[in-house]
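Throughout, a chain's letter reflects where its sequence line sits, starting with A, and its residues are numbered from 1.
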2 protein chains.
Amino acid sequence: MGSKGDNNRQRIVDAADQLFHTRGYNQTSFRDISEITGIPRGNFYYYFKTKDDILGAVIDSRTKFYSEMLAQCETAASQPLERLLAFANMLEDFSDSIVEVGCPIGSLTSELAKDEPHLQKKSREIFELLRDWIEKNLSTAGVSDSQNAAMDMLARMQGVSVMACAFKDKSYLHRGLEEVRSWLKKLILN
Amino acid sequence: MGSKGDNNRQRIVDAADQLFHTRGYNQTSFRDISEITGIPRGNFYYYFKTKDDILGAVIDSRTKFYSEMLAQCETAASQPLERLLAFANMLEDFSDSIVEVGCPIGSLTSELAKDEPHLQKKSREIFELLRDWIEKNLSTAGVSDSQNAAMDMLARMQGVSVMACAFKDKSYLHRGLEEVRSWLKKLILN
DNA sequence: GTCTATACCTTGATAGAC
DNA sequence: GTCTATCAAGGTATAGAC
């Protein structure tokens, strides 16, 4: 705590987070992380036992990030609909990188599904965090079957992310997210 | 044409197709393909110049596969709505592998977005094939803005695939596809 | 056309000096 | 805590015999 090593550890996690997003987990090497951080490859093993452990720390970091994002949505608005809309709006800030390399959560979970079932389970927890928060707000807003509706909202956002990335089409991403918002309003306001 | 080598070439493509789907392109090695086909690693270079070339052939093969699937949908039904529903129904046949490793088109396109922009463009052509076919049928059915509606249909299917794979939830996949079908009916029958 | 052997590189991971 | 040197394994790709 507060020791010098914590800085290096955090710098490794931050660089890995970025690289896992833009290049993917399997396509990111220790050399890549070393070049960005300036920390020699061998040193990584002082902070982490394996590459999987780095990914675990990255997922923890992302969980914290989205957790704070949801907290921000709750501060920004007091009503469930407004909070859900605030969440959808925040995603627009990342539209450039979504079009370029996909959704950080969705693309990671999809990649891990193919060869890292244990870590896929861990990355799924970010989805569960979002799903439960959405469900809570939908439920408060009086939406029946809020569990399924929460999954549907995430699915819609994932769908537009995948297609926007596939077609490199930023305007489609915006149109798709706009449809999610209008779907939300219709769902809650009847 | 008809020479012995064509058999080996096709066997390589078929094995690679399967492996790229279940393990991903980058995580599939020549050794893996060699073990399945029994063809020595070195021989691959008689049929293909690089690994990328194998992927190119796999994408061509998948394009042909989906092209034939769409033709089947046209044979199975004469009305646009029925044809679109037939298409959605056919995807249910692959629900097990979608839950396990994701949609073959979506997950490949997402993977390639991160480190193979040239091949991502090629894999996108499968999406374009589907989109244009869906658009044609929606248009014939009298749907206004059929272009956007076709993208929306693909996006919805991709979304439920990503979430069903993330949560390993086959029943969610079925529910999601059922919603796509009812959305289609509402869209066309007003 | 088919096969073996192998070159050459990068990978994740380890050992041990400082 | 930090660093360098290095390992063993596995990757794509090549050379050349048959």
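Separating the CG atom of A/D52 from the P atom of C/dA13 is a distance of 7 Å, rounded to the nearest angstrom. If you take CD1 of A/I54 and C1' of C/dA13, they are 11 Å apart, rounded to a whole angstrom. With rounding to whole Å, A/D115 atom CG is found 17 Å from C/dT11 atom P. Separating the NZ atom of B/K49 from the C1' atom of D/dT12 is a distance of 15 Å, rounded to the nearest angstrom. Residue A/I39 contributes atom CD1, which lies 10 Å from atom C1' of D/dT2 at whole-angstrom precision. Going from atom OH of B/Y46 over to atom P of D/dT12 covers 22 Å, rounded to whole Å. The distance from atom CD1 of B/I12 to atom C1' of C/dT2 is 11 Å, rounded to the nearest whole Å. If you take OH of A/Y47 and C1' of C/dA13, they are 17 Å apart, rounded to a whole angstrom.
For the OP1/OP2 pair of C/dG12 and a distance below 4.0 Å, the side-chain nitrogens and oxygens of A/R41 include no atom meeting the criterion. Within the structure, a side-chain polar atom (N or O) of B/R31 is placed less than 4.0 Å from OP1 or OP2 of D/dG11. Taking side-chain N and O atoms only, B/S29 has a distance below 4.0 Å to OP1 or OP2 of D/dG11. Dashed line: the shortest gap from a side-chain N or O of A/N8 to OP1 or OP2 of D/dT2 is under 4.0 Å. Regarding contacts with the backbone of C/dA13, a side-chain N or O of A/Y45 is found under 4.0 angstrom from either OP1 or OP2. Taking only side-chain nitrogens and oxygens, B/N43 never comes nearer than 4.0 Å to OP1 or OP2 of C/dG1.
The aromatic rings of A/F30 and A/Y45 lie parallel to each other, with less than 30° between the two planes, well short of the 60° mark. A tilted orientation is assigned to the rings of B/F167 and A/F127, their planes being inclined by 30° to 60°.
Counting any heavy atom pair closer than 4.0 Å across all strands shown, A/S34 reaches no nucleic acid atom.
Between A/M151 and A/Q147, the closest side-chain pair of non-hydrogen atoms is not below 4.5 Å.
The closest donor-acceptor contact from the side chain of A/R83 to the backbone of A/E74 lies under 3.5 Å. Formation of a donor-acceptor pair under 3.5 Å by the A/K51 side chain with backbone atoms of A/Y25 is found in this model.
The side chain of A/P40 has D/dT4 as its nearest neighbour among C/dA13, D/dA13, D/dT4.
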